[in-house]
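Following: one structure in structure tokens, then a few remarks.
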Amino acid sequence: MRGHRLAIPEKEMMHVSVETEPTAPGTAAANGFYHRHCGVGGPDASAFLVPAERREEAVIAELRRLESAQADLLLDQFGDVRPGDRLLDAGSGRGGTSFMANLRFGCAVDGVSISEAQVQFANDQAAARGVADHVRFHYRNMLDTGFATGSHQAIWTNETTMYVDLHELYREFARLLRGGGRYVCITGCSNDVTGGRSTAVSRIGQHYMCDIHPRGEYFRALAANDFVPVTVVDLTRDAIPYCELRAGSPEATGVEDAFLAAYREGSFHYLLIVADYIGWCRT
């Protein structure tokens, strides 16, 4: 295994300190997994029918359910994954989707994060769940993971690509994937024509201290590194109800109105991309 690089841009490190290391991990979903990404689908109206003193709790539980639904949708795209395979969660956070992948496929999962707090929390969760031998979290940079070439069958990113250069990222993923490997991405991205002049998109980028990539940049970077998209789904309409629900919840961050404005004006998209790696065909 080659030495891995943990050179983290200042902007990305600011994101870690501000966004991903609160004093408490927040609430887990009903399945016990912790997520830190948006959800998809329509909320259950019964969350609004409970007594007022329990309504906040019901709304938060509904947010967690929609986040788990998004993770399930991502995992649905993996194709033929077997217990002997190895997966990579690039930007693994507190490990929710990694644990879901292990539970579904029975395979080994590596998570990488540039937050030591997240890595420690997720590894503690793995130990508590009795899966530490199969689900491991590493304090590493996704641009240079240090894992062996051709070591993984599938890789995913879930709302983490806006903090890195896409060409560098997909070059590393091409190195890591074995023949026939698959990459799955869920991300927010700007409209190639209107995103650059949208105040709402600018506000989102400023809030998360990131550079929001245009939609087309994903496909250029994928093609340059021998990835072929096999599925592309615009999830924007499915993401709006979650954003509306969070806007009126105790977990509102203050940026939900920018998301909703950008979604509705068409300057920002919530996208699912599934791509197969074909670079091995050239060797």
Side-chain angles (χ1 to χ4, degrees), residues 15 19-20 29 31 33-42 63-79 81 87-101 104-105 109 111-113 118 142 152-164 166 169-170 172-173 177 181-191 195 201 204-205 208 210-219 221-222 227-243 245-246 253 255-256 259-260 262-263 267-277:
H15 168 75
E19 284 294 319
T20 62
N31 56 17
F33 301 130
Y34 290 85
H35 298 290
R36 196 167 182 83
H37 54 72
C38 295
V40 294
L63 289 171
R64 299 293 89 82
R65 184 185 71 81
L66 296 175
E67 292 158 6
S68 292
Q70 189 257 37
D72 271 324
L73 175 63
L74 185 150
L75 296 177
D76 288 344
Q77 314 305 315
F78 279 16
V81 175
L87 311 180
L88 174 64
D89 183 353
S92 49
R94 291 178 176 81
T97 310
S98 294
F99 294 121
M100 291 173 66
R104 181 185 293 204
F105 301 115
V109 182
V112 296
S113 172
Q118 289 182 344
M142 70 173 80
H152 290 76
Q153 176 61 29
I155 299 173
W156 75 89
T157 54
N158 196 349
E159 300 183 14
T160 58
T161 50
M162 61 286 295
Y163 294 99
V164 296
L166 293 177
L169 182 68
Y170 295 151
E172 174 68 351
F173 288 177
L177 285 171
R182 173 161 288 187
Y183 167 61
V184 181
C185 169
I186 294 183
T187 188
C189 55
S190 61
N191 182 292
V201 171
I204 296 169
Y208 291 105
C210 67
D211 293 320
I212 297 171
H213 303 297
R215 174 174 174 149
E217 188 63 18
Y218 282 89
F219 299 102
L222 286 168
F227 285 91
V228 175
V230 294
T231 302
V232 179
V233 181
D234 190 335
L235 298 173
T236 303
R237 286 190 177 185
D238 296 307
I240 288 176
Y242 171 87
C243 199
L245 184 64
R246 196 175 75 178
T253 63
V255 76
E256 287 81 10
F259 273 104
L260 291 169
Y263 284 150
S267 61
F268 189 77
H269 311 285
Y270 197 57
L271 207 63
L272 166 69
I273 303 171
V274 183
D276 287 342
Y277 176 61

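FYI, side chains are in, hydrogens and waters are out, and symmetry mates aren't considered; it's all heavy atoms of this structure. In what follows, residues are counted from 1 in the order of the sequence shown.
For E159, there are no salt bridge (charged side-chain N to carboxylate O under 4.0 Å, His left out) partners two or more places apart in sequence or in a different chain. With sequence neighbours excluded, the residues that form a side-chain contact (heavy atoms from CB on, under 4.5 Å) with T160 are M142, T157. The side-chain hydrogen bond (donor to acceptor under 3.5 Å, both in side chains) search around Y218 returns T161, T187, not counting sequence neighbours. Looking at residues two or more places apart in sequence or on another chain, you find a side-chain contact (heavy atoms from CB on, under 4.5 Å) between A275 and L222, F227. Residues satisfying the side-chain contact (heavy atoms from CB on, under 4.5 Å) criterion with V230, sequence neighbours excluded, are R182, V274, D276. Not counting sequence neighbours, Y270 has no partner by the ring pair (Phe, Tyr, Trp, His ring centres under 6.0 Å) test. The side-chain hydrogen bond (donor to acceptor under 3.5 Å, both in side chains) check on H213 picks up nothing, with sequence neighbours excluded. Residues that satisfy the side-chain contact (heavy atoms from CB on, under 4.5 Å) test with S98, not counting sequence neighbours, are D89, S92, V109, V135, F137, W156. Annotation: ring pair (Phe, Tyr, Trp, His ring centres under 6.0 Å) contacts of H269 (sequence neighbours excluded): none.
Looking at R65 and D72, no side-chain N of the basic residue comes within less than 4.0 Å of a carboxylate O on the acidic one, giving no salt bridge.
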Next item on the list: For side chain to side chain donor-acceptor pair (under 3.5 Å), just list the numbers for Q70 and D238, CA-CA rounded to whole Å, side-chain angles, deciding distance to a tenth of an Å, and then say yes or no.
Entry: CA-CA 10 Å; Q70 189 257 37; D238 296 307; over 6 Å; no
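Relative orientation of the H35 and F33 rings is perpendicular, given thresholds of 30° and 60° on the angle between their planes.
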